[in-house]
Amino acid sequence: MSAVPTASLSADLRRNPGLALLLLAGVLLSFFTGLGAVPLFDLDEGAFAEATREMLDRGDYISTFLNGEPRYDKPVLVYWLQALSVLAFGVNEFAFRLPSALCATGWVLVVLLFVRRVASARPALLAAGFTATAAGITVIGRAAIADALLNFLIVTAMASAYLYLREGRRAWLLCAYMSMGFGLLAKGPVAVLVPLATTFLHCLSRRDLKTWLRAVLDPAGIALMLAIAAPWYAAQYWKEGDAFVRGFLFKHNVDRFRAPMHGFDGSLFFYVPWLLVATLPFLTPLLNTGRGLRQIWADDLQRFCLLWFGFVFLFFSASGTKLPHYVFYGYTGLFILMALQAPRLRSGVLALVPALGVFALLGAVPWLVETFSPRLADPYYREALAAVRQGLGAGFGSFTVAACAGVVALMALRRVPLDTRLMAAGVAQAAAMALFVLPAAGEAQQAPVKEAALLARSHGWEVVMWGLNTPSFMVYSERLVQRRDPRPGEIALVRMKKLREQPSGEAGFELLYQRNGIALVRVPGAAR
């Protein structure tokens, strides 16, 4: 690999204006466009946002609570960031999601600067573009959860660790420790595990474990990491005692690995299809990377990236609890590999066929919904899918037709570099997600919950969740909500299917609100 670039970043961007502009467009579309226009998704966004709302309401900035109960799922950093955003912009979707959008932007920027330093500007722009516009990153980069923050910190730690191993500058080692310290506050042990394991495997492949041992036992680095993370852990333990250790360390870390939690399990191959979906529309660069493993292993940087992705993929494949976003902690290494291997791509048609398939499939969604939704027995899913079709609208059809035509045109534009054409396809996909797909999904799934909550808040109703777990209802109603069977005279948030399963059917309840299979009802009988 080349030495540290001597040209300025601005000069490199001016020499690659097409890729630079596409990267900027990708970041804006993926992470910021319509950030506050879509209701919070349950469960995750609703739970994080409600925990932040309760933090501000309680004035307790050490312990997190959800619906009045201790929440040990994640450490505190993301809640602090969301709380600052809410104090600045109010209780709304934009405020809850802004920290993630900013962290995702930082994630992309770190990729750009890192690859530019260890390679050159063009693969750096392409790797950053893959990171910014891949389907999975678009989703988590704008979600009010901890994953964009954690990925930003893991990528910073990994880049710093590699630069320390490459250049020997202790400042990079301290930067890695600092990032891991904040990572411990963002999600916990995984923020240390990924850099620790990857650097061990990399140093082992170089037959240089002495350097690894010297780095992991560095007193100043360890002290810096502990100075960042330890005060909160100590304060939380002082407040919550062994319940915190059992809830956070064992239940949400050790036990998640040992056995499935909340039914989130899968086979050893669980992440293979998710990998193919999450990296769209860059499936061809992904498969192309798999063809060059011998060349990759022979190169120090690419071997590091391969070990990074490989460790994360295999570790979480062996985990008892499996969720699609777990392997995102290794995707950046894969994106860098894809960018470095991109010059081996020869066919623009093959490279862009996945993008054409994405837009063709999206264009067929209204027809598929119209064809298959009437066959669904559950009215909730039937009405929600019908709302998706309605939410996409006529403009969506025109967009997908134009996108398909644009991809075909990109296939024919051989004078335009293939990396630029790939980036353009990624930007188009990000536009589809931000402008159509996510708003339609939010309107169908979450808009009824939001409307019901706002109605309950305006009337001052006390509501119980009956057979539902929708934390976003508490965010929008701005009050805690019990989850239990309702008593006579009480108001309940419930699915219409559950009402119809009652002995008296839905006719026995006073319907206060109903949309897309979600209802607010008053239970018959006098309140006790």
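For clarity, every value in this text was computed on a predicted model and none was experimentally measured.
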Specify the closest pair of heavy atoms between [X] and [Y], including all atoms of both residues, with the distance to one decimal.
X	Y	value
Val115	Ala127	CG2-CB, 4.2 Å
Pro17	Arg14	CD-O, 3.3 Å
Ser317	Leu268	O-CD2, 3.5 Å
Leu410	Ala425	CD1-N, 4.3 Å
Pro354	Leu350	CD-O, 3.5 Å
Asp12	Arg116	OD2-NE, 2.6 Å

Query raised in the report: Which class fits the ring pair Trp274 and Phe270: parallel under 30°, tilted 30 to 60°, perpendicular over 60°?
Result: tilted

Query raised in the report: Parallel, tilted or perpendicular: which describes the rings of Phe436 and Phe399, with under 30° parallel and over 60° perpendicular?
Result: tilted

Is any side-chain heavy atom of [X] less than 4.5 Å from a side-chain heavy atom of [Y]?
X	Y	value
Arg483	Val464	no
Val190	Tyr326	no
Thr64	Pro70	no
Phe328	Ile137	yes
Arg495	Leu468	yes
Val139	Met433	yes
Leu84	Trp80	no
Met55	Tyr61	yes

Query raised in the report: Taking atom types as modelled and ignoring hydrogens, do the side chains of Thr420 and Arg122 form a donor-acceptor contact shorter than 3.5 angstrom?
Result: yes

Requested in this report: Check the pair Leu480 / Glu50 against side chain to side chain contact (heavy atoms under 4.5 Å, CB included), numbers first and verdict last.
Outcome: CA-CA 9 Å; Leu480 306 185; Glu50 173 59 15; 3.7 Å; yes

Inspect the contact between [Y] and [X] and indicate whether a charged nitrogen and a carboxylate oxygen are less than 4.0 angstrom apart.
X	Y	value
Glu490	Arg484	yes
Arg457	Glu478	yes
Lys450	Glu93	yes
Arg515	Glu443	yes
Arg97	Glu45	yes

Got a donor-acceptor contact below 3.5 angstrom from the [X] side chain to the [Y] backbone?
X	Y	answer
Ser472	Phe41	no
Ser30	Val27	no
Arg522	Leu512	no
Arg421	Val416	yes
Asn16	Ala121	no
Asn92	Ala95	yes
Ser319	Phe315	no
Gln514	Leu520	no
Ser85	Leu81	no
Ser100	Ala143	yes

Can you tell me how far [atom2] of [Y] sits from [atom1] of [X], rounded to the nearest 0.5 angstrom?
X	Y	atom1	atom2	answer
Leu422	Thr284	CG	OG1	8.0 Å
Leu21	Met423	CG	CE	9.5 Å
Trp308	Thr332	CH2	OG1	4.5 Å
Leu102	Leu109	CG	CG	12.0 Å
Thr105	Leu24	OG1	CG	10.0 Å
Asn67	Met474	CG	CE	4.0 Å

Query raised in the report: Which of these, Val108, Leu150, Asp147, Leu149, sits in a side-chain contact (heavy atoms from CB on, under 4.5 Å) with Cys103?
Result: Leu149

Query - Criterion side-chain contact (heavy atoms from CB on, under 4.5 Å) against Tyr331, the qualifying member of Val155, Leu275, Asn151, Thr131 - result: Leu275

Query - Worked check of side chain to side chain contact (heavy atoms under 4.5 Å, CB included) between Ile518 and Met496 - result: CA-CA 6 Å; Ile518 295 291; Met496 292 297 295; over 6 Å; no

What residues form a ring-ring contact (aromatic ring centres under 6.0 Å, His included) with [X], not counting sequence neighbours?
X	answer
Phe152	none
Tyr271	none
Phe359	none

Query raised in the report: Does the ring centre of Phe48 sit less than 6.0 Å away from the ring centre of Tyr79?
Result: yes

Query - Phe509 and Trp466 aromatic centres sub-6.0 Å - result: yes

Query - Verdict with supporting geometry, Phe335 and Phe282, ring pair (Phe, Tyr, Trp, His ring centres under 6.0 Å) - result: CA-CA 9 Å; Phe335 291 143; Phe282 308 117; 7.4 Å; no

Query - Full working for side chain to side chain contact (heavy atoms under 4.5 Å, CB included) between Ile145 and Val78 - result: CA-CA 7 Å; Ile145 56 179; Val78 70; over 6 Å; no

Query raised in the report: Between Phe32 and Arg142, is there a cation-pi geometry (under 6.0 Å to ring centre, at most 45° from the normal)?
Result: no

Requested in this report: I would like to know whether Ile336 and Phe114 meet side chain to side chain contact (heavy atoms under 4.5 Å, CB included); could you show each step before the answer?
Outcome: CA-CA 10 Å; Ile336 294 171; Phe114 172 65; 4.0 Å; yes

Report task. Starting from the C-alpha separation in whole Å, work towards a yes-or-no answer on side-chain hydrogen bond (donor to acceptor under 3.5 Å, both in side chains) for Thr156 and Ser179. Result -> CA-CA 6 Å; Thr156 303; Ser179 300; 4.7 Å; no

Report task. Begin from the C-alpha positions of Glu54 and Arg71 and carry the test salt bridge (charged side-chain N to carboxylate O under 4.0 Å, His left out) through to its verdict. Result -> CA-CA 11 Å; Glu54 291 184 35; Arg71 175 174 167 83; over 6 Å; no

